[in-house]
Novice: 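Handing you a structure now.
All figures in this text were calculated on a predicted structure; none of them were measured in a lab.
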Amino acid sequence: MTTDKVCGCNVVTSAGVVTSLQLIVLVLTLASTGLILDRYRTWQAVYPQTAYNATAQAAANGTLKFNATIWSESWIELGMAWYVGFGSFWLFSIFILVLSFKYYRPVFVVPNFTALVVGIFMNLLAFGVLLARILSVSKDYRTDEYQEAIFIYVMGLCLFACLCCILFIIFISKYHTFLRNRYGHQVPKFIQSRARTGYHDEAY
């Protein structure tokens with residue numbers, strides 16, 4: 001029987017690499033969004049904020065916006081809190097995915113596949129709320145505060161994580177198909193004893 005391949009590698013090997021990469025991307029994004037959620041108000045209090053400039057405002061006919069609106073600032077904290085919550089679910093789904101390497105059950109792959117699909121939208125949401133915060137002030141004042149520089153880096157990371165989720169979905173989907181075709185009808189070792197009592201396995 002020929003071994004299934006993904007990009008020239010065994011499917012199980014590819015899934016192991018993708019699982020490791022998922023954990024790396026998750027740690028980076030979760031640490032970054034958690035940092036913003038924890039330190040945002042501290043940065044506003046400690047670092048200099050953009051001061052109102054009456055001369056510049058008069059020259060621009062009163063159209064300049066020196067500070068972010070309360071709506072964009074509230075979305076920062078809310079969006080980062082949602083992402084941290086989602087990150088906890090993503091991490092839990094990775095732990096469940098790891099079980100599939102021992103028991104070869106395709107059902108263990110489903111939570112991680114779901115997390116990756118949701119991850120595409122959550123990373124776009126995080127990118128959107130950070131972008132909205134930056135765009136809520138006038139062009140010349142969008143990157144003159146410490147937290148705004150942090151936002152730009154995290155926005156790039158969120159876009160990168162979004163693209164990674166799309167690629168991860170392809171590999172995880174292939175891995176799920178592999179397990180379903182090869183092991184979908186097998187009873188795992190930890191429940192084989194139930195087979196003698198009338199337990200019948202189901203294909204997922």
Side-chain angles (χ1 to χ4, degrees), residues 14-50 65-98 108-176:
S14 300
V17 173
V18 167
T19 302
S20 301
L21 293 177
Q22 278 191 66
L23 194 56
I24 294 173
V25 173
L26 173 59
V27 168
L28 292 176
T29 54
L30 199 56
S32 300
T33 53
L35 175 67
I36 294 175
L37 180 63
D38 180 62
R39 299 293 183 86
Y40 183 60
R41 292 183 182 273
T42 303
W43 291 335
Q44 289 182 314
V46 173
Y47 292 95
Q49 304 297 301
T50 303
K65 297 179 181 179
F66 297 96
N67 301 111
T69 64
I70 189 174
W71 300 101
S72 63
E73 292 192 332
S74 63
W75 262 112
I76 285 290
E77 295 186 273
L78 186 59
M80 297 303 102
W82 286 354
Y83 195 97
V84 170
F86 159 73
S88 301
F89 167 70
W90 190 359
L91 180 62
F92 183 66
S93 75
I94 292 177
F95 290 152
I96 297 177
L97 177 63
V98 171
F108 290 145
V109 182
V110 175
N112 186 247
F113 182 86
T114 304
L116 291 174
V117 173
V118 177
I120 295 175
F121 299 99
M122 290 303 298
N123 279 292
L124 291 177
L125 174 65
F127 175 85
V129 297
L130 295 174
L131 180 62
R133 165 59 180 81
I134 292 177
L135 295 180
S136 63
V137 298
S138 297
K139 182 178 180 180
D140 294 336
Y141 303 94
R142 289 174 181 169
T143 56
D144 59 348
E145 297 177 2
Y146 177 81
Q147 62 266 27
E148 291 169 345
I150 295 291
F151 292 165
I152 293 175
Y153 293 127
V154 177
M155 285 168 59
L157 178 61
C158 287
L159 282 182
F160 173 74
C162 181
L163 295 176
C164 286
C165 284
I166 296 174
L167 294 177
F168 293 158
I169 286 174
I170 297 174
F171 283 89
I172 293 301
S173 176
K174 181 70 174 178
Y175 179 53
H176 179 270

Novice: Quick check: closest heavy atoms across Gln22 and Trp90, and the distance to 0.1 Å?
Specialist: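 Of all heavy-atom pairs spanning Gln22 and Trp90, the closest is OE1-NE1, 2.9 Å.
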Novice: Would you indicate whether the side-chain heavy atoms of Asp38 and Met80 approach each other to under 4.5 Å?
Specialist: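 No, side chains not in contact.
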Novice: Between Leu130 and Ile36, is there a side-chain heavy-atom distance shorter than 4.5 Å?
Specialist: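 Contact flag for Ile36/Leu130 side chains = yes.
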Novice: Search all heavy atoms of Leu30 against all heavy atoms of Gly87 and return the closest pair with its distance.
Specialist: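 That closest heavy-atom pairing would be CD1-CA, 3.9 Å.
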Novice: Taking the side chain as C-beta and beyond, is there a heavy-atom pair between Leu78 and Val129 under 4.5 Å?
Specialist: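 Not in contact.
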Novice: Tell me the closest heavy-atom pair linking Ser173 and Phe113, and the distance in Å.
Specialist: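 Scanning both residues completely, I find the closest heavy atoms to be CB-CE1, 4.1 Å.
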Novice: Compare every heavy atom of Thr19 with every heavy atom of Leu97, then report the nearest pair and how far apart it is.
Specialist: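 Where Leu97 meets Thr19 most closely, the heavy atoms are CD2-OG1, 3.2 Å.
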Novice: Considering non-hydrogen atoms only, spot the tightest contact between Ala149 and Tyr153 and give its length.
Specialist: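 Where Ala149 meets Tyr153 most closely, the heavy atoms are O-CD1, 3.2 Å.
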Novice: Ring centroid separation for Phe92 and Phe95, is it under 6.0 angstrom?
Specialist: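 No, the ring of Phe92 stays outside the 6.0 Å limit from the ring of Phe95, centre to centre.
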Novice: Do Thr29 and Cys158 come within less than 4.5 Å of each other through their side chains, counting heavy atoms only?
Specialist: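 No, too far: nothing below the 4.5 Å cut-off.
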Novice: Return the SG to CD1 distance between Cys165 and Ile172, rounded to the nearest 0.5 Å.
Specialist: 11.0 Å
Novice: Report the distance from atom CG of Leu91 to atom CG of Leu26, rounding to the nearest 0.5 Å.
Specialist: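 Nearest 0.5 Å value for the CG-CG distance: 5.5 Å.
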Novice: Atom CG in Asn123, atom CG in Leu157: separation rounded to 0.5 Å?
Specialist: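 Here the interatomic distance stands at 8.0 Å.
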Novice: Ala115 and Ser93: which non-hydrogen atoms are nearest, and at how many Å?
Specialist: CB-OG, 3.5 Å
Novice: Mind checking the SG-CD1 spacing from Cys164 to Ile120? Nearest 0.5 Å is all I need.
Specialist: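 So the gap between those two atoms works out to 11.0 Å.
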Novice: With a 4.5 Å cut-off on side-chain heavy atoms, are Ile96 and Val110 touching?
Specialist: no
Novice: If we only count heavy atoms from C-beta on, is the Glu77 to Arg41 side-chain gap below 4.5 Å?
Specialist: yes
Novice: Measuring from Cys162:SG to Leu167:CG, what's the distance to the nearest 0.5 Å?
Specialist: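 Cys162 atom SG to Leu167 atom CG measures 10.0 Å (nearest 0.5 Å).
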Novice: Do Leu125 and Tyr83 have side-chain heavy atoms sitting under 4.5 Å apart?
Specialist: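 Heavy-atom side-chain distance check fails, nothing below 4.5 Å.
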Novice: What's the separation between atom CD1 in Ile76 and atom OG1 in Thr33, rounded to the nearest 0.5 Å?
Specialist: 11.5 Å
Novice: Is there a side chain to side chain contact (heavy atoms under 4.5 Å, CB included) between Leu163 and Leu159 once you walk through the steps?
Specialist: CA-CA 6 Å; Leu163 295 176; Leu159 282 182; 5.8 Å; no
Novice: Is there a side-chain contact between Phe151 and Arg133 in this structure, where contact means two heavy atoms from C-beta onward sitting under 4.5 Å apart?
Specialist: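 Contact flag for Phe151/Arg133 side chains = yes.
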